[in-house]
**Q** 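Input: one structure, supplied below.
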Amino acid sequence: MPTDEQVYAYSTVMMGSPILLKLFEHNQALAAAVFGLIKRQEDRLTVNRQQSEVMSINHAAGLHPVAVSPPVFNLIQCAKAVSVAPGSCFNFAIGPLVKRWKIGFQGNSVPPVDELHSLLPLTDPQQVVLDEQQHTVWLKKAGMEIDLGAIAKGYIADLVRDALRREGIERALINLGGNVQTLGMPESEGEPGWAIGLKQPFAEADALIGVIHVCGKSVVTSGIYERYFWLDGRCYHHILDAKTGYPLDNELLSVTIISDNSIDGDIYTTLLYGMGVEKGLAYLAALPQIEAIFVTRDRQVICSSQHQFRFTLINHEYRIG
Ligand code: ADP
Ligand code: MG
């Protein structure tokens, strides 16, 4: 995409993901401040180390409530609300299953069914007790674990956007391993907006299905092809179903959400992945601010609507459904 101006890209790896910041000025100090912000949030929210605010809750499962900082409490409150909604497949109490499968962390075998079934009672989000006055979180049963992996990156991407705005930055892009948040847009001779690739599942890293153009919006994709393993012709991926203990299984390869806030994008990718295309489209009909692109196993690309973005198909093995 030809642009008239110089883009400065800063990259690092955090949260097990490549992180990319694009600015229109050379500003190493700002990039360092942004990466510092992301690191501080990761330190609070991670469950992939022994210590973090979330791990202090998990370590006290079955024992006692744990007080956390107000922002972490608010994020957990939000994650719980989404998790307990009727029919939701989003479940922030999914930790015991995530840890058992270890998908994306060298896990490449299917755990015994009895073991998975024994973990299901430990994934009930209603058993996470929140106290708004004390800002405490209590996992009622020993062995329960909160996992914010399906919401944290979106939350952090919005914090980065807000921090950049406070610095007077009007145009920038932050990509947290597939969670993209944008401010403004670049000057461009072609299609206006930031060009964000929609990846071709199970292909080389730079292979695309198409390109999404947005201005000042978030674009989040959750797919079964980022963290997975194949066994006996089946793809076992990292979005798990707390009803069965196994990866969610349906017609979808990926869901992309275009929205103002990346936290919504992160929540809805997971939520809509679980709904599938038909239910997902019906659900979104009442939410004009949230738009989705579904990619199905039979290579259809289905957009719920296109008010906040433009999608251009470039890979003709796929078709618009
Ligand atoms: P990613 O950006 O890593 O693809 P997603 O937003 O798709 O993340 O969320 C997947 C992550 O969320 C998993 O790696 C796991 O930590 C957690 N997770 C898995 N299944 C669920 C679920 N049903 N509900 C909520 N979180 C989940
Ligand atoms: Mg998500």
Side-chain angles (χ1 to χ4, degrees), residues 13-20 38 42 45-49 52 54-55 58 75-76 78-85 87-107 116 119-120 122-125 128 144-158 174-181 199 201 218-229 235-250 252-259 261-276 280 290 292 294-295:
V13 174
M14 280 185 276
M15 301 184 286
S17 306
I19 311 282
L20 174 70
I38 296 168
E42 181 187 18
L45 302 173
T46 185
V47 291
N48 298 320
R49 295 181 214 145
S52 71
V54 175
M55 283 308 290
N58 290 346
L75 182 63
I76 288 174
C78 170
K80 179 175 175 180
V82 184
S83 301
V84 300
S88 175
C89 80
F90 185 107
N91 184 341
F92 81 129
I94 197 108
L97 286 173
V98 174
K99 286 275 163 72
R100 183 60 191 86
W101 279 92
K102 298 196 283 287
I103 293 175
F105 297 88
Q106 280 97 43
L116 292 175
L119 295 175
L120 298 184
L122 300 177
T123 63
D124 178 0
V128 183
M144 287 181 74
E145 287 179 59
I146 289 178
D147 181 321
L148 300 177
I151 189 172
K153 283 190 213 153
Y155 166 75
I156 297 171
D158 290 339
I174 181 78
N175 185 348
L176 306 180
N179 275 252
V180 176
Q181 179 58 283
K199 279 192 188 170
S218 157
V219 180
V220 179
T221 298
S222 198
I224 68 170
Y225 52 86
E226 294 289 356
R227 298 176 200 262
Y228 64 92
F229 66 90
C235 174
Y236 293 91
H237 61 85
H238 74 324
I239 307 175
L240 301 173
D241 184 348
K243 287 194 204 70
T244 63
Y246 289 83
L248 276 160
D249 193 19
N250 62 20
L252 287 170
L253 290 176
S254 70
V255 180
T256 299
I257 297 289
I258 297 90
S259 55
N261 292 319
S262 211
I263 190 169
D264 292 332
D266 213 358
I267 291 169
Y268 283 102
T269 49
T270 305
L271 199 60
L272 291 178
Y273 184 85
M275 288 185 191
I290 310 288
F294 299 92
V295 178

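Read the numbers this way: they start at 1 and go in the same order the structure lists the ligands and their atoms. What's counted below: heavy atoms across the whole structure, side chains too, no hydrogens, waters or symmetry copies.
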**Q** What protein heavy atom sits nearest atom 6 (O) of ligand 1, and how far away is it?
**A**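 In this structure, atom 6 (O) of ligand 1 has Asp266 OD1, 2.9 Å as its nearest protein heavy atom.
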
**Q** I'd like to check whether Leu248 has a polar contact with ligand 1, where a contact means an N/O of the residue lying under 3.5 Å from an N/O of the ligand.
**A**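 No; the residue has no nitrogen or oxygen that sits under 3.5 Å from a nitrogen or oxygen of the ligand.
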
**Q** Which atoms from ligand 1 have a heavy atom of Phe90 less than 4.0 Å away?
**A**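 Near Phe90, the atoms of ligand 1 are 24 (N).
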
**Q** Does ligand 1 have an atom that lies less than 4.0 angstrom from a heavy atom of Gly178?
**A**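 Checking ligand 1 against Gly178, which is what was asked, there is no heavy-atom contact under 4.0 Å.
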
**Q** Check for a donor-acceptor pair, side chain of Ser83 on one end and backbone N or O of Ala79 on the other, with a separation under 3.5 Å.
**A**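 Looks like yes, one N/O pair under 3.5 Å.
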
**Q** Should Ile151 and Ile263 be marked as a side chain to side chain contact (heavy atoms under 4.5 Å, CB included) after you check the CA-CA gap, both sets of side-chain angles, and the distance that decides it?
**A** CA-CA 6 Å; Ile151 189 172; Ile263 190 169; 3.7 Å; yes

**Q** Do you know which of Leu97, Asp147, Leu240 makes side chain to side chain contact (heavy atoms under 4.5 Å, CB included) with Thr123?
**A**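 Going through Leu97, Asp147, Leu240 one by one, the side chain to side chain contact (heavy atoms under 4.5 Å, CB included) with Thr123 is satisfied by Leu97 alone.
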
**Q** Donor-acceptor pair, Ser218 side chain versus Val180 backbone, under 3.5 Å?
**A**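 Yes; judged by distance alone, with no hydrogens or angles, the pair exists.
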
**Q** When you measure from the side chain of His238 to the backbone N and O of Trp101, does any donor-acceptor pair fall under 3.5 Å?
**A**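 Flag not set: sc His238 to bb Trp101 has no pair under 3.5 Å.
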
**Q** Please work out whether any backbone atom (N, CA, C, O) or any side-chain heavy atom from C-beta onward of Glu226 is under 4.0 Å from ligand 1, and answer side chain, backbone, both or neither.
**A**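 Looking at Glu226 and ligand 1, no heavy atom falls under 4.0 Å.
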
**Q** What protein heavy atom sits nearest atom 4 (O) of ligand 1, and how far away is it?
**A**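 It is His238 NE2, 2.8 Å.
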
**Q** For atom 27 (C) of ligand 1, what's the nearest protein heavy-atom neighbour? Residue, atom name and distance, please.
**A**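 Of every protein heavy atom, Ile94 CG2, 3.7 Å lies nearest to atom 27 (C) of ligand 1.
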
**Q** Please check: side-chain N/O of Ser88 versus main-chain N/O of Val84, any donor-acceptor pairing under 3.5 Å?
**A**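 Side chain of Ser88 to backbone of Val84, a donor-acceptor pair under 3.5 Å: no, none is there.
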
**Q** Decide yes or no on side chain to side chain contact (heavy atoms under 4.5 Å, CB included) for Met15 and Thr46, but give the supporting numbers first.
**A** CA-CA 8 Å; Met15 301 184 286; Thr46 185; over 6 Å; no

**Q** Given Pro125, Gly95, Ala79, Gly149, identify the one with the heavy atom nearest to atom 8 (O) of ligand 1.
**A**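 Checking each option, the heavy atom nearest atom 8 (O) of ligand 1 is found in Gly149.
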
**Q** Return yes or no for this condition: an N or O of Thr269 is under 3.5 Å from an N or O of ligand 1.
**A**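 In this structure, Thr269 places no N or O atom under 3.5 Å from an N or O of ligand 1.
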
**Q** Which protein non-hydrogen atom lies closest to atom 26 (N) of ligand 1, naming both residue and atom, and how far is it?
**A**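 For atom 26 (N) of ligand 1, the nearest protein heavy atom comes out as Ala150 CB, 3.3 Å.
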
**Q** Can you name the atoms of ligand 1, numbered from 1 with element, that are less than 4.0 Å from a heavy atom of Lys153?
**A**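 The list of qualifying atoms is 1 (P), 2 (O), 3 (O).
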
**Q** Hey, which atoms in ligand 1 end up nearer than 4.0 Å to a heavy atom of Arg227?
**A**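 Listed by number with element, the hits are 3 (O).
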
**Q** Is the closest N or O pair between Gly223 and ligand 1 shorter than 3.5 Å?
**A**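 Between Gly223 and ligand 1 (N or O atoms, distance only) the closest approach is not under 3.5 Å.
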
**Q** For ligand 1, note which part of Ser17 has a heavy atom under 4.0 Å away: side chain, backbone, both or neither.
**A**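 It is neither; nothing of Ser17 touches ligand 1.
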
**Q** Can you pull out the closest protein heavy atom to atom 17 (C) of ligand 1? Residue, atom name and distance to 0.1 Å, please.
**A**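 I find the closest protein heavy atom is Asp147 OD1, 3.9 Å.
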
**Q** N/O to N/O below 3.5 Å, does that happen between Asp241 and ligand 1?
**A**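 Checking ligand 1 against Asp241, no N or O pair falls under 3.5 Å apart.
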
**Q** Please step through side chain to side chain contact (heavy atoms under 4.5 Å, CB included) for the pair Phe92 and Val82, ending with a clear verdict.
**A** CA-CA 9 Å; Phe92 81 129; Val82 184; over 6 Å; no

**Q** For Leu20, is there any backbone N or O sitting under 3.5 Å from a side-chain donor or acceptor partner on Asn175?
**A**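 Side chain of Asn175 to backbone of Leu20, a donor-acceptor pair under 3.5 Å: no, none is there.
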
**Q** Has Asn250 got a side-chain atom pairing as donor or acceptor with Leu252's backbone, closer than 3.5 angstrom?
**A**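 Judged by distance alone, yes, a pair lies under 3.5 Å.
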
**Q** Between the side chain of Thr270 and the main-chain N/O of Phe90, is any donor-acceptor distance below 3.5 Å?
**A**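 No, the answer is negative, given that no donor and acceptor are paired below the 3.5 Å cut-off.
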
**Q** Checking side chain to side chain contact (heavy atoms under 4.5 Å, CB included) between Asp266 and each of Leu271, Asn179, Ile156, which is the one that passes?
**A**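 Among Leu271, Asn179, Ile156, the one that satisfies the side chain to side chain contact (heavy atoms under 4.5 Å, CB included) with Asp266 is Asn179.
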
**Q** For atom 5 (P) of ligand 1, find the nearest protein heavy atom and state the residue, atom name and distance (0.1 Å precision).
**A**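 Going by distance alone, atom 5 (P) of ligand 1 is nearest to Ser222 OG, 3.5 Å.
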
**Q** Give the residue, atom name and distance (to 0.1 Å) of the protein heavy atom nearest atom 24 (N) of ligand 1.
**A**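 It is Asn91 N, 2.8 Å.
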
**Q** Provide, to 0.1 Å, the distance between atom 20 (N) of ligand 1 and the closest protein heavy atom, together with that atom's residue and name.
**A**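 Going by distance alone, atom 20 (N) of ligand 1 is nearest to Leu240 N, 3.0 Å.
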
**Q** Tell me the angle that OD1 of Asp266 and O of Ala150 form around the Mg ion (ligand 2), rounded to 10°.
**A**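 Answer comes to 80°, rounded to 10°.
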
